[in-house]
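First the structure, in the form of C-alpha cells, and then the observations on it.
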Amino acid sequence: TLPKDITASKAQKIGQIIDHLVDALGGEPSCTIRRAVILADIDEFPGTTQAEIMARLEVDKSTLNRDIEWLYDYGCIT
C-alpha cells in the first residue's frame with residue numbers, strides 16, 4: 001500500500017504511485033503504464049472479458065494479448 005503520509009507535491013505523488021505500480025508489476029522498470037492500467041482495470045472489474053477491457057481502454061486485441069501475456073508470465077495475474 002502507499003504510505004499515508006504523502007504530503008508532497010502532485011508530481012511527487014504521481015511519481016510515488018508509478019513506483020508503487022512498477023513494484024506491483026514485478027519491479028520491472030521497463031514496464032509500461034499501459035500494463036499498469038490493464039492490471040488496474042482487471043482488478044477493478046473482476047471477471048471482465050477481453051472485449052470489455054478493449055472497449056474501456058481503447059486498446060487493440062494484439063496489444064492487449066501481448067500485455068496480458070506479460071502480466072501472466074511475471075505472475076501479476078493468474
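These numbers come from the heavy atoms of this one structure, side chains and all, not from hydrogens, waters or symmetry mates.
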*Pairs where residues 65-77 contributes a residue and the test salt bridge (Lys or Arg N to Asp or Glu O under 4.0 Å) is met, not counting sequence neighbours*: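 For residues 65-77: Arg34-Asp67, Arg35-Asp67.
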
*Check side chain to side chain donor-acceptor pair (under 3.5 Å) between Asp60 and all other residues, then give those that pass, not counting sequence neighbours.*
Thr63

*Under the side chain to side chain donor-acceptor pair (under 3.5 Å) test, which residues partner Asp43, sequence neighbours left out?*
none

_Euclidean distance, Leu39 CG relative to Ile77 CD1, rounded to 0.5 Å_ = 7.0 Å

_Rounded distance (nearest 0.5 Å) linking atom CD1 of Ile38 with atom CG of Leu64_ =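 These two atoms lie 5.0 Å from each other.
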
*Are more than 12 heavy atoms from other residues, nucleotides or ligands located less than 6.0 Å from atom CZ of Phe45?*
yes

Indicate every side-chain donor-acceptor pair of residues 51-59 with a distance under 3.5 Å to a residue at least two apart or in another chain.
unit_1, atom_1, unit_2, atom_2, d
Glu52, OE1, Thr48, OG1, 2.9
Glu52, OE1, Thr49, N, 2.8
Glu52, OE1, Thr49, OG1, 3.3
Arg56, NE, Asp41, OD1, 2.8
Arg56, NE, Asp41, OD2, 3.4
Arg56, NH2, Asp41, OD2, 2.8
Arg56, NH2, Thr48, OG1, 2.7

